[in-house]
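All remarks here apply to the structure that follows.
Numbers here are sequence positions counted from 1. Whatever order the structure lists them in is the order used to number ligands and atoms, beginning at 1. On a predicted model such as this, the values are computed, not experimentally measured, just so you know.
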Amino acid sequence: MKTEYVTIDERSPDMDALHYAGQIIKEGGLVAFPTETVYGLGADALNEKAAAKIYEAKGRPSDNPLIVHITDMADLSRIVRKVPESALVLSEELWPGPLTMIFEKKEIVPDATTGGLSTVAVRFPSNRIAQLLIMESGGFIAAPSANRSGRPSPTLAEHCREDLDGRVDMIIDGGPVGIGVESTIIDMTAKRPELLRPGFVTMEMLEQLLDGIDRDPSLDRTGMPDELSPAPAPRAPGMKYRHYAPRGEMVLVDGDHEAAKEYISGRINEEKEKGKKTAVICADEDRERFGADIVLSYGRRNDYACLARNLFTLLRTCDEKGADVIFAETVPGNGLGDALMNRMRKAAGYRIVNV
Ligand code: TXA
Ligand code: MG
């Protein structure tokens with residue numbers, strides 16, 4: 001398949017191009033497009049065959065359900081059975097935005113979209129290109145992140161090209177995304193809402209808006225699943241798969257900042273002696289400190305929004321440059337740090353050294 005490329009400016013979107021992209025989706029094709037979190041790989045969510053194509057293009061296991069993107073609150077009740085009061089509160093406050101809510105699905109949503117589940121994940125994105133594309137496509141776009149399964153999520157159109165060229169009909173370049181980590185997912189079907197995936201909408205923000213909120217216990221595991229007995233199974237099926245993993249071995253270092261830097265410097269020397277290509281992901285202020293082959297900074301120290309925007313790109317850069325070992329410090333787990341640590345722990349395969 002030949003992939004078409006189009007560049008669209010969010011501030012003055014080319015409506016002809018978006019209409020054309022919407023036609024592709026209406027006819028059952030696949031279009032990668034920007035959202036405020038990461039790029040998505042879109043298909044018509046109500047078309048069984050189209051949704052099934054997404055799994056093939058990504059190389060994704062078909063029991064891993066997709067998120068349905070909408071752009072009109074009135075469309076929500078067309079695909080879900082019941083919208084609890086608490087979900088209305090969250091939608092009022094946080095939609096459009098980086099929040100996905102899970103509801104009981106209606107018949108109209110095919111099994112291919114929900115991985116056979118009786119529930120459906122729904123998000124109303126704030127990115128203007130995404131909104132217009134959803135509108136032009138008939139209102140319901142099923143979209144996972146637009147990466148090959150297992151690779152870091154795409155935050156630039158270039159990442160979509162790397163992973164999906166020749167496998168999808170179109171890639172829309174809308175520039176770099178604003179957030180950089182995937183949406184927060186919360187299950188609204190239980191009595192108490194339950195956080196399944198942390199994101200830019202933080203646990204603290206949700207606590208303020210809800211009477212109470214649970215947390216999927218698998219989020220707080222610290223070791224590889226086989227080190228726990230029994231390992232709690234994540235409630236969002238996709239969270240169980242190998243994720244974001246760079247090809248090199250990533251090691252997270254937790255503890256006092258100076259001690260962590262000392263440890264990383266020592267390990268870099270050791271690994272270099274073994275002939276390994278070393279990489280470090282650090283703050284601007286610490287760049288000079290490390291003698292690694294590849295030194296990548298995410299922005300100013302403690303600027304976690306900046307780390308979120310850059311994390312997946314930096315992991316991809318480690319791959320491109322052939323890093324064998326990658327070191328990074330942990331970040332505090334509150335606020336946005338919850339989402340960052342969730343992604344970084346996965347990328348590191350739960351290898352964490354305490355210093
Ligand atoms: O920010 C985002 O959410 C991006 C953009 C494109 O919107 N999308 C995204 O999709 O991250 P994906 O497929 O990479 O992640 C969706 C996650 C998976 O872990 C999946 O298992 C979970 O959502 N999920 C989807 N439907 C679910 C359901 N009915 N019940 C539980 N988990 C569900
Ligand atoms: Mg994904």
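Under the 3.5 Å distance criterion, the side-chain polar atoms of His69 are matched with a main-chain donor or acceptor of Ile141. Between the Asp319 side chain and the Arg247 main chain, a donor and an acceptor come within less than 3.5 Å of each other. The backbone N or O of Pro125 sits less than 3.5 Å from a side-chain atom of Gln131, completing a donor-acceptor pair. Put simply, the side chain of Asp324 gets close to the backbone of Lys277: a donor and an acceptor are under 3.5 Å apart.
The Mg ion (ligand 2) has no N, O or S atom of Ser149 under 2.8 Å away, backbone or side chain.
Counting only N and O atoms by type, the side chains of Tyr20 and Glu136 include no donor and acceptor under 3.5 Å apart.
For atom 5 (C) of ligand 1, the nearest non-hydrogen atom from the set Asp187, Thr37, Ile102 comes from Thr37.
The distance from ligand 1 to the heavy atoms of Leu117 drops below 4.0 Å at these ligand atoms: 28 (C), 29 (N), 30 (N). For ligand 1, the atoms lying closer than 4.0 Å to a non-hydrogen atom of Thr119 are 28 (C), 29 (N), 30 (N). In the vicinity of Gly40, heavy-atom distances shorter than 4.0 Å reach the ligand 1 atoms 6 (C). Applying the 4.0 Å criterion to heavy atoms of Glu182 picks out, from ligand 1, the atoms 1 (O), 2 (C), 11 (O). Each of the following atoms of ligand 1 lies closer than 4.0 Å to a heavy atom of Ile185: 17 (C), 22 (C), 23 (O). With ligand atoms numbered from 1 in the order given, ligand 1 contributes 3 (O), 8 (N), 9 (C), 10 (O), 16 (C) to contacts under 4.0 Å with heavy atoms of Ile67. Here is the list of ligand 1 atoms found below 4.0 Å of a heavy atom in Arg60: 12 (P), 13 (O), 14 (O).
Contact between Lys105 and ligand 1 is absent, with no heavy atom of the residue lying under 4.0 Å from the ligand.
Using a 4.0 Å cut-off between charged nitrogen and carboxylate oxygen, Glu182 and Arg343 count as a salt-bridge pair. Salt-bridge formation is detected for the pair Asp338/Arg215: a Lys NZ or Arg NE/NH1/NH2 atom is positioned less than 4.0 Å from an Asp or Glu carboxylate oxygen.
Counting heavy atoms closer than 4.0 Å to ligand 1, residue Thr114 contributes nothing at all.
From Arg123, atom CZ reaches atom OG of Ser91 across 14.5 Å, with rounding to the nearest 0.5 Å.
When only interatomic distances are considered, the shortest N/O to N/O separation between His69 and ligand 1 falls below 3.5 Å.
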